[in-house]
Amino acid sequence: MIFSTVKITMCNGKGGAGKTTLAVLLATAFQKAGHRVALVDRDPQGTATRWIEETHDIELAQPDGNHRLVLIDTPPRLESAALQESLAESDCALLVSSPSPADLWTSQNTVATIQKYLPAGRPARIIFNQVQSRTILAKDLAALAQRIGLPALTAHIGRRQAFQHAALLGWRALDAESREELLSAALEIAALHP
Ligand SMILES: Nc1ncnc2c1ncn2[C@@H]1O[C@H](COP(=O)(O)OP(=O)(O)OP(=O)(O)O)[C@@H](O)[C@H]1O
Ligand SMILES: [Mg+2]
């Protein structure tokens, strides 16, 4: 089968937004959906590397042309060369943020960095993480995204303890609902590059 590799940079200049959690779990979801996936850890903190060493769920590899998708985890610093280079070589950027307005305001600088380094015409989206269902903020995520000028994925990721357990136990820590959430987001992301 002939296909081109799609590279996706996970980013936010702010620490703790959930970049690594979503990089690993979305990569695993893509794999569960039948794609060959590589995860690239460009953060010197090495959290994604450690996670994969613990769980063995997915491959931590340099892309070799046989991967359908490559997810790149980046450090929480906008001036990081690793982040800027990742964006420059990516087909897509995912800004990971909670829906809290204060977090979104600090994400505004990340939007500017994406616009500066991601080649023109390539899609960038917010993926809302740590969303608490039945809260006012969860009701209109699209409108929140508009305020910082980046469209949001329709799929969003809830705040769930299972996602923390997954760092030790991998995909098997996740219940059906958590898996469904990740697979919906993965399908939407894959559809950005049909
Ligand atoms: N959806 C979620 N539900 C519950 N906990 C979460 C979720 N996403 C992330 N976390 C937790 O939040 C913390 C930070 O997550 P993570 O390490 O993925 O963020 P990060 O953006 O990669 O951080 P850094 O900027 O330091 O690299 C971790 O303890 C993680 O388990
Ligand atoms: Mg991280």
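Just so you know, these numbers use all the heavy atoms, side chains as well, and skip hydrogens, waters and symmetry mates. Both counts, for ligands and for their atoms, begin at 1 and track the order of listing. FYI, the numbering just counts along the sequence from 1.
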For the residue pair Ser97 and Thr106, establish whether any side-chain heavy-atom pair is separated by less than 4.5 Å.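 Side chain of Ser97 against side chain of Thr106, heavy atoms only: no contact under 4.5 Å found.
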Below 4.5 Å, heavy atoms only, C-beta onward: do Asp175 and Ser178 meet side chain to side chain?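 In short, these two side chains touch, coming nearer than 4.5 Å.
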Contact (N/O only, under 3.5 Å) between [X] and ligand 1:
X      : answer
Gly18  : yes
Asp73  : no
Phe163 : no
Thr47  : no
Gly158 : yes
Thr74  : no
Gln161 : no

Cut-off under 2.8 Å, centre the Mg ion (ligand 2), protein N/O/S atoms: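 Per the 2.8 Å query on the Mg ion (ligand 2), atoms found are Thr20 OG1.
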Scan the protein's non-hydrogen atoms and note whether one is under 4.0 Å from atom 29 (O) of ligand 1.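 When distances to the protein are checked, atom 29 (O) of ligand 1 has no heavy atom within 4.0 Å.
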Would you mind listing which atoms of ligand 1 come within a distance below 4.0 Å of any non-hydrogen atom of Gly15?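 By the 4.0 Å cutoff, the relevant atoms are 25 (O).
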Numbering the atoms of ligand 1 from 1, which are under 4.0 Å from a heavy atom of Gly16?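 Counting from 1, the qualifying ligand atoms are 14 (C), 19 (O), 20 (P), 21 (O), 23 (O), 24 (P), 25 (O), 26 (O).
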Partners of Arg50 by salt bridge (charged side-chain N to carboxylate O under 4.0 Å, His left out), sequence neighbours excluded?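 In terms of salt bridge (charged side-chain N to carboxylate O under 4.0 Å, His left out), with neighbours along the sequence ignored, Arg50 is linked to Glu54.
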